[in-house]
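Input: a single structure, listed below in structure tokens.
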Amino acid sequence: MHLIADGVTPTSRLVLVKDLETDDGYAFELANPLFLTVGDRIAFEGDGLVIVRAGGERLSPTGDWFTRCGPGSLRRR
């Protein structure tokens, strides 16, 4: 599923996420899988991921950046 991580666009359905890949070949792998609920907004801020729940609660799940393409894939960012 394609998710938009602009901090504004809400998710349209319940989604189980364990990693998020960017258009430039990087991936943010969460330390633990997380359910995104309807209305959650996601964004990359600094070196991490921020999720804003529909009710306004902000979550900053832990995880690491990796590359997914090219030689030596799965290297840290």
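- In this pair, Trp65 and Phe44 present their aromatic rings tilted. The plane angle is within the 30 to 60° band.
- The side-chain heavy atoms of Arg58 and Arg41, taken from C-beta on, include no pair separated by under 4.5 Å.
- Contact annotation: the side chain of Glu21 never approaches that of Tyr26 to less than 4.5 Å [non-hydrogen atoms, C-beta and beyond].
- Residues satisfying the side chain to side chain donor-acceptor pair (under 3.5 Å) test with Asp6, not counting sequence neighbours, are Thr9.
- Looking only at side-chain heavy atoms (C-beta outward), Phe35 and Leu14 come within less than 4.5 Å of each other.
- With rounding to the nearest 0.5 Å, the separation of CG in Leu49 from CG in Leu59 is 9.0 Å.
- Between Ser12 and Val38, the closest heavy-atom pair is O-CG2, 3.9 Å.
- The shortest side-chain heavy-atom distance between Glu45 and Val50 falls under the 4.5 Å cut-off.
- Of the candidates Leu36, Thr11, Val17, Leu36 is the only one forming a side chain to side chain contact (heavy atoms under 4.5 Å, CB included) with Ile51.
- At a threshold of 4.5 Å between non-hydrogen side-chain atoms, the residues Asp40 and Val52 do not count as touching.
- Here the side chains of Leu30 and Thr62 are not in contact, with every heavy-atom distance at 4.5 Å or above.
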